[in-house]
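As structure tokens, the structure follows; a few thoughts come after it.
Below, chains carry the letters A, B, ... as their sequence lines are ordered, and counting in each starts from 1. Values reported hereafter were calculated over all heavy atoms of this structure, with side chains retained and with hydrogens, waters and symmetry mates removed.
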Protein chains: 2
Amino acid sequence: MTDTVVFLLGKLGQLATNRFADRLAPLGLRPRHCGVLELLRVAPMAQLDLARRLDVAASVIVDMLDQLEAVGAVRRTRDVADRRRQLVELTPEGESLCRQAAHLARRVDAELLATLEPGHAASARDVLGRLAVAHGIPTDAAAGPR
Amino acid sequence: MTDTVVFLLGKLGQLATNRFADRLAPLGLRPRHCGVLELLRVAPMAQLDLARRLDVAASVIVDMLDQLEAVGAVRRTRDVADRRRQLVELTPEGESLCRQAAHLARRVDAELLATLEPGHAASARDVLGRLAVAHGIPTDAAAGPR
DNA sequence: TATTGTTATACTCTATAACTATA
DNA sequence: TATAGTTATAGAGTATAACAATA
């Protein structure tokens with residue numbers, strides 16, 4: 001049973017996420033913040049729009065934005081047209097943190113794939129991308145232009 | 001950044017584990033119990049040996065065994081030679097639950113890979129197995145004879 | 001003293017419901 | 001009444017330290 005795809009994905013996902021979390025910690029970021037930063041890098045967005053795009057609960061967005069605001073990565077501004085809404089935008093500091101996080105992610109990738117032959121590493125990227133698409137996980141490629 | 005291996009492994013691992021957890025729930029099991037059951041299927045073992053083999057804290061083992069005892073899957077018996085130790089063994093009910101869990105795991109595997117072409121599905125199994133070995137995740141193959 | 005198992009504590013992540021203020 | 005955001009609460013997972021019994 002421990003050689004099934006579901007079991008291996010679970011273990012490897014946990015291992016990869018823990019390692020990424022360790023690298024992000026000095027930046028004051030956590031892995032789940034990265035999806036938020038990347039969406040906001042394209043355009044400012046209301047909180048519930050973020051929640052829908054990331055498929056998480058509204059209360060989780062509030063918490064994450066509190067943390068991102070604390071490190072100066074985002075700014076919330078009341079929408080003058082509809083005063084219920086907060087428009088969330090990336091600060092210059094947030095842009096910088098997003099770039100640094102992306103760099104760290106690529107470094108962790110290299111480590112995770114380090115012992116694989118180049119062909120197997122390429123195969124890993126390919127098949128994980130296919131699985132993500134198959135299960136509706138939004139990726140950069142699916143999100144549109146950079 | 002959301003198209004990195006570390007990010008995709010994290011998301012897919014979470015998705016796979018959640019789906020597996022839903023399927024296991026009617027059995028009174030959780031995904032993390034499966035590693036315990038599979039080790040005990042080979043031979044009874046003391047609790048700290050389980051902890052070392054599974055690389056989890058001793059207190060986590062206590063908690064998991066409490067849950068597995070509650071569903072009748074395992075039995076703890078005091079070691080007469082060293083009365084500090086508890087020998088943990090699988091009950092016939094535990095054997096049955098282990099087989100049912102393995103069946104469910106293979107079903108979830110089939111679903112996860114359903115939309116992939118056979119070649120890509122085989123590639124997924126291959127590359128996840130290689131990554132597991134590379135990072136010291138114990139699998140059936142590494143654990144010895146069945 | 002060291003080891004086995006247990007309990008207590010705490011922190012993260014996730015999910016839900018109740019609440020406010022605006023519309 | 002419906003929506004945007006917030007707060008409170010609870011559950012699972014994980015990690016550490018303190019503790020009792022035994023060696």
Side-chain angles (χ1 to χ4, degrees), chain A residues 7 9-22 24-25 28-36 44-70 74-89, chain B residues 7 10-25 27-36 44-71 74-89:
Chain A
F7 198 91
L9 270 182
K11 286 288 189 189
L12 287 166
Q14 194 175 339
L15 182 148
T17 300
N18 286 344
R19 193 170 301 195
F20 191 31
D22 289 343
L24 283 175
L29 297 179
R30 298 178 178 287
R32 61 186 191 152
H33 294 143
C34 290
V36 177
M45 205 177 292
Q47 295 193 191
L48 285 194
D49 290 335
L50 277 172
R52 279 184 279 264
R53 291 285 292 272
L54 295 168
D55 194 32
V56 299
S59 59
V60 172
I61 291 289
V62 172
D63 190 37
M64 288 198 288
L65 290 180
D66 287 349
Q67 295 163 358
L68 287 172
E69 233 175 10
V74 305
R75 184 165 36 225
R76 288 191 253 218
T77 58
R78 194 57 69 176
D79 183 344
V80 291
D82 181 346
R83 305 226 339 278
R84 292 172 303 182
R85 310 176 89 216
Q86 309 247 45
L87 289 181
V88 188
E89 61 181 342
Chain B
F7 198 91
K11 286 289 188 188
L12 288 166
Q14 194 174 340
L15 182 148
T17 300
N18 286 344
R19 193 171 299 195
F20 191 32
D22 290 341
R23 306 304 170 79
L24 282 176
L27 303 183
L29 297 178
R30 299 178 177 287
R32 62 186 191 152
H33 294 143
C34 291
V36 177
M45 206 176 292
Q47 295 192 191
L48 285 194
D49 289 336
L50 278 172
R52 279 184 278 265
R53 291 285 294 268
L54 295 167
D55 195 30
V56 299
S59 58
V60 172
I61 291 289
V62 171
D63 189 37
M64 289 198 287
L65 290 180
D66 287 348
Q67 294 162 358
L68 287 171
E69 232 176 10
V71 299
V74 304
R75 186 165 36 227
R76 286 192 254 218
T77 59
R78 193 58 69 175
D79 183 343
V80 290
D82 180 347
R83 304 225 340 275
R84 292 172 304 182
R85 310 176 88 215
Q86 309 247 45
L87 288 181
V88 188
E89 62 181 341

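In this entry the distance linking CG of Leu24(B) with C1' of dG13(D) reads 16 Å, nearest Å. Rounded to an integer number of Å, the gap from Gln86(B) CD to dA23(D) P is 13 Å. Going from atom CG of Leu50(B) over to atom P of dG5(C) covers 9 Å, rounded to whole Å. Counting to the nearest Å, the C1' atom of dT7(C) and the CD1 atom of Ile61(B) are 16 Å from each other. Between the CD atom of Gln67(B) and the C1' atom of dT6(C) there is a distance of 15 Å, rounded to whole Å. To the nearest angstrom, P of dT4(C) lies 14 Å from CE of Met45(B). Rounded to whole Å, the distance from CG on Leu65(B) to C1' on dT7(C) is 15 Å. Remark: P of dC13(C) and NZ of Lys11(B) are 12 Å apart, rounded to the nearest angstrom.
Within the 4.5 Å cutoff, the side chain of Thr77(A) has no heavy atoms near those of the Pro44(A) side chain.
Ala46(B) comes within contact range of the sugar-phosphate backbone alone, with a heavy-atom separation under 4.0 Å but no base atom that close.
Not counting sequence neighbours, the partners of Arg85(B) by the salt bridge (charged side-chain N to carboxylate O under 4.0 Å, His left out) test are Asp49(B), Asp79(B). Remark: Gln47(A) engages Ile61(A), Val62(A), Leu65(A), Arg76(A), Gln86(A), Val88(A) in a side chain to side chain contact (heavy atoms under 4.5 Å, CB included) (not counting sequence neighbours). With sequence neighbours excluded, the residues that form a salt bridge (charged side-chain N to carboxylate O under 4.0 Å, His left out) with Arg84(B) are Asp82(B). With sequence neighbours excluded, the residues that form a side chain to side chain contact (heavy atoms under 4.5 Å, CB included) with Val60(A) are Arg32(A), Val56(A), Ala57(A), Met64(A). Applying the side-chain hydrogen bond (donor to acceptor under 3.5 Å, both in side chains) test to Arg75(B) and every residue at least two apart in sequence or in another chain returns Glu89(B).
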Close N or O pairs between protein and nucleotides 10-12 of chain D (under 3.5 Å):
residue, atom, partner, partner atom, Å
dA12(D), OP1, Arg30(B), NH2, 3.1

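Considering only side-chain N and O atoms, Gln47(A) lies under 4.0 angstrom from the phosphate OP1 or OP2 of dT6(D).
Mapped onto DNA chain D by nearest heavy atom, Arg85(A) and Asp66(A) fall at different nucleotides, with Arg85(A) at the one closer to the 5' end.
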Just by protein heavy atoms under 4.0 Å, how would nucleotides 15-23 of chain C read 5' to 3' in B, S and -? -B-----BS
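When all heavy atoms of Phe7(A) and Cys34(B) are compared, the closest pair comes out as CE1-CB, 4.3 Å. Across all their heavy atoms, Leu54(B) and Val36(B) have their closest contact at CD1-CG2, 3.5 Å.
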List the atom pairs, with distances to 0.1 Å, where a side-chain N or O of residues 11-22 of chain B and a protein N or O form a donor-acceptor pair under 3.5 Å, not counting sequence neighbours.
residue, atom, partner, partner atom, Å
Thr17(B), OG1, Gly13(B), O, 2.8
Asn18(B), ND2, Gln14(B), O, 3.4

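For the helix from dT1(C)-dA23(D) to dA23(C)-dT1(D), the axis fitted to the five pairs at one end and the axis fitted to the five pairs at the other end meet at an angle of 30° (nearest 10 degrees).
Note that CG of Asp55(A) and CG of Leu50(A) are 13.0 Å apart. Values are rounded to the nearest 0.5 Å. With values rounded to the nearest 0.5 angstrom, Gln67(B) atom CD is found 6.5 Å from Arg30(B) atom CZ.
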